[in-house]
Each structure stands twice: as C-alpha cells, then as structure tokens.
2 protein chains.
Amino acid sequence: MNAHPQAVDPRRYDVVRLVQELTTASLRFTDRAGAVRGLHRSDLNALQALAKARDEGRSGLSAKQLAEALTLSPSATTTLLDRLERAGHVTRGLDADDRRRVTISMTESAGAEARAMFGPLAAAMMEMMSGFDDEEIEVVARFLRAATDIVDQMER
Amino acid sequence: MNAHPQAVDPRRYDVVRLVQELTTASLRFTDRAGAVRGLHRSDLNALQALAKARDEGRSGLSAKQLAEALTLSPSATTTLLDRLERAGHVTRGLDADDRRRVTISMTESAGAEARAMFGPLAAAMMEMMSGFDDEEIEVVARFLRAATDIVDQMER
DNA sequence: AGTTATTCGTTCGATGATCGAAGGATTCCA
DNA sequence: TGGAATCCTTCGATCATCGAACGAATAACT
C-alpha cells in the first residue's frame, strides 16, 4: 500500500538523485584525500567525531564514546587509537573522575591536517555560493537540515 | 596569502558544515543498511556504479571500468565480483567484441535489494520536499549540482 | 564495610578485504 | 606474423576489524 499515492514529481525525484551523487562524490573525495595522508575511513571518522566534540565544548571523548560513534568494536578502537597516537594526531589522557576511562584528544597536528584536507574544498564551496543570494542560501540550508534529519532518523 | 580576502559570511559557512553533516549521515545510513544485508562499502559502491551505468543506457560495465570507478586494484575487484556473484547480485558475461573483457551486470535481486534499502529513504525525502515550492526546489537542485561539481573537481 | 556485578580499555588469535607481483589469454600495431 | 599492450585472474602477504577473555576500576546490593 501507499505505493503511488500520486505520480512522482520528476524534479523532486531528481533532487533525491542529486543528493546521492553529492554524497558519493564527497565520499570519494574524502577517501582519496585521506589515503594521501595515510588515513583511512575510520581514522577520518574518528578525527571528525573528535573535532565535533571539541566544537561542542567537550574537551575530549572516551574510547568507549568513540567506539560507539564509529560503530566499532572495543578492540578495533584500541588499534585505531594506537595508530592515531603513533601518527601524532591524538593523545591518550587519564580521566580524573573515572580512572578506567581514557580521554582522547586531538592534537594540533590533526587540526592542521584537517584544514589542509578540507580547507580548499570549503573555500571553493564558499566561492560557489557567491552565485546564490541570501534568500536562496536560506532555502538551501533549510533543505540540507531537513534532509540530514531524515537520514538520521532512518538510521535507527 | 589569500587567507582572508574578506570576512566569511557565517550563513554560507553554515551551509558548508551542513553539507558535511548530510554526507556523514548518509554514510552512516548506507553502512548500516548494507551491513544488515551482508554488503560492505565496496559492494554498495559497485552496485551503485552498475545501477548508474544501467540508468545511463549502458548494458553493463567491464571489470576494469568497475575497478576504476571504485579505485580498487584489479585483484580486489576480482574478489569483489566473486563475492557479489556468489550472493547472486551480479553476473559475469563474456564481451562479444573483446573476449578479454568480462561484462558485469546487475541481477534482478540486486535491484530488489537496492529498492529495499533506499526506497523508504527516497520516499521520506519526497515527502519532506512537499514543504518546498517548485522555485525553491529549483534553487536546491542548482546548489546540489554546483556542489557536486566542485567536489568532483577537487578529486583530481 | 564487603562482596558481587558491571564497565572500561587492552591483549590475543582469527577472519577477511585489499594489495602487489606474476601469469595466461586476447587484442593491437608495426 | 611477432612483439607490446590490455584484461582478468591467481597467489602470497599485509592490515583493519572482530569476538573472546582478561585485569583494573567503579557501582550496586546487602
């Protein structure tokens, strides 16, 4: 049921495909940019999670939190942290409150790598957006927020 | 040089972050949906490349084309095709023109899997877009095309 | 307080995706 | 026709990830 309540608007369906193309293009870009620096997907995901945590005010994440954010097993997370620590992108600190926990923090070098990877892309996007007026940008932002919400909700 | 030609417009910078959030959310969703079906990223990428080829009229891709699309070594591609063939999602055919080539085609079961994975997401997106009028959808489409172009160009 | 249960991170052995090198088959070119 | 290039596969090795088990630290229960 509910298969074809009415004919699908082709323009809107195009947008669905465009979203998919954007995400796969971004995926390819990220993989490539990371590979050049010896970082694979999980490493990038971890750094991004740490960066997000930092931007939201938290000083660092525990290994467990990271494992959950990455949907990674505890043992895999240990290996990943060994890797990132060896590369100098992350430090392991002891949690004062709970001494079972290990607090993970990004180093400055990780931030520099991130900027080197994504800075040019962000700059190009900013320039591209000069072709949109403020009202249009607002529409785009509204769409992106709504689309992200939907994808996130499908996730559970 | 060229660090701050002028102050960055915060609204536009927000959009950059929103794009990133959308892509990472989509990535998580895809990984999860695939894992449930025993498909990992490379398998999904391969099926998507095949679907795209089919939608563009090409009957199938050669193993080499697939390897390039996935940035995968020839040997890894062989293994991947073994896997997909064993799962019944793909068939290997001989190319009539060049008998070195192996022509890869999606099976009907692969299409069914794809619909099961992405159909509900697409439906939710379509419904979400009813909150946008035609003119706004056109703006969004223009933005998505431009953003994808940029990401693709950064890729080289 | 003391004992038990839970949580956290790590280590260990195993699995599997991917890689590079080498090889057989086919096609291109001179 | 013969040599070079292309295509896919096989083989051995590497590395990320997993599950199970462990020691340390905390929480819960009595």
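Residue numbers begin at 1 in each chain, while the letters A, B, ... track the order of the sequences. Given the structure is predicted, the values throughout are model-derived calculations rather than measurements. Values reported hereafter were calculated over all heavy atoms of this structure, with side chains retained and with hydrogens, waters and symmetry mates removed.
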Taking T78(B) for the side chain and P74(B) for the main chain, is one N or O donor matched with an acceptor at less than 3.5 Å? yes
Summary of side-chain hydrogen bond (donor to acceptor under 3.5 Å, both in side chains) pairs that have at least one residue in residues 115-128 of chain B, sequence neighbours excluded: E108(B)-R115(B)
For the pair made of CG in D97(A) and C1' in dA25(D), what is the distance, rounded to whole Å? 13 Å
Across all chains, not counting sequence neighbours, the salt bridge (Lys or Arg N to Asp or Glu O under 4.0 Å) partners of R12(B) are D134(A), D9(B)
Would a distance-only check, ignoring hydrogens and angles, find a side-chain to backbone donor-acceptor pair under 3.5 Å from T79(A) to S75(A)? yes
Who else is in L27(B)'s hydrophobic cluster (ILVMFWY, side-chain heavy atoms under 4.5 Å, direct or via others)? L27(A)
Considering residues at least two apart in sequence or located in another chain, which fulfil the salt bridge (Lys or Arg N to Asp or Glu O under 4.0 Å) criterion with D82(A)? R92(A)
Share the residues that join L94(A) in a hydrophobic cluster, the rule being Ile, Leu, Val, Met, Phe, Trp or Tyr side chains under 4.5 Å apart at the heavy-atom level. none
side-chain hydrogen bond (donor to acceptor under 3.5 Å, both in side chains): pairs with one or both residues in residues 136-147 of chain B, sequence neighbours excluded: E136(A)-R142(B), R142(A)-E136(B)
Pairwise 5' ranking along DNA chain D for A96(A) and R41(A), keeping only the more 5' one: R41(A)
Test salt bridge (Lys or Arg N to Asp or Glu O under 4.0 Å) applied to E56(B) - qualifying residues, sequence neighbours left out: R58(B)
For residues 86-116 of chain B, which residue pairs pass the ring pair (Phe, Tyr, Trp, His ring centres under 6.0 Å) check, not counting sequence neighbours? none
What is the separation between atom CG on L94(B) and atom P on dT9(D), rounded to the nearest whole Å? 10 Å
Below 4.0 Å from chain B heavy atoms, what is the first contacting nucleotide of DNA chain C and what is the last? dA17(C) to dT27(C)
Taking only heavy atoms on the protein side, list every residue of residues 65-79 of chain A lying under 4.0 Å from any atom of DNA chain C, sorted numerically. P74(A), S75(A), T78(A)
Return the angle between end axes of the helix from dA1(C)-dT30(D) to dA30(C)-dT1(D), with five pairs used per end and rounding to 10°. 30°
Between N or O atoms, less than 3.5 Å apart, protein on one side and nucleotides 3-6 of chain D on the other: list the pairs.
from: dT6(D); atom 1: O4'; to: R100(B); atom 2: NH1; distance (Å): 3.4
from: dT6(D); atom 1: O2; to: R100(B); atom 2: NH1; distance (Å): 2.8

NZ/NE/NH1/NH2 to OD/OE distance under 4.0 Å, D14(A) and R17(A): yes
Interatomic distance where NE2 belongs to H40(A) and P belongs to dC15(D) [whole Å]: 10 Å
R37(A) (side chain) donor-acceptor with A33(A) (main chain) under 3.5 angstrom: yes
Could you check how far CG of L81(A) sits from C1' of dT17(D), rounded to whole Å? 14 Å
Whole Å only: how far is the CG atom of L61(B) from the P atom of dC8(D)? 11 Å
Polar side-chain atom of S109(A) near backbone of G88(A) as donor-acceptor pair, under 3.5 Å: yes
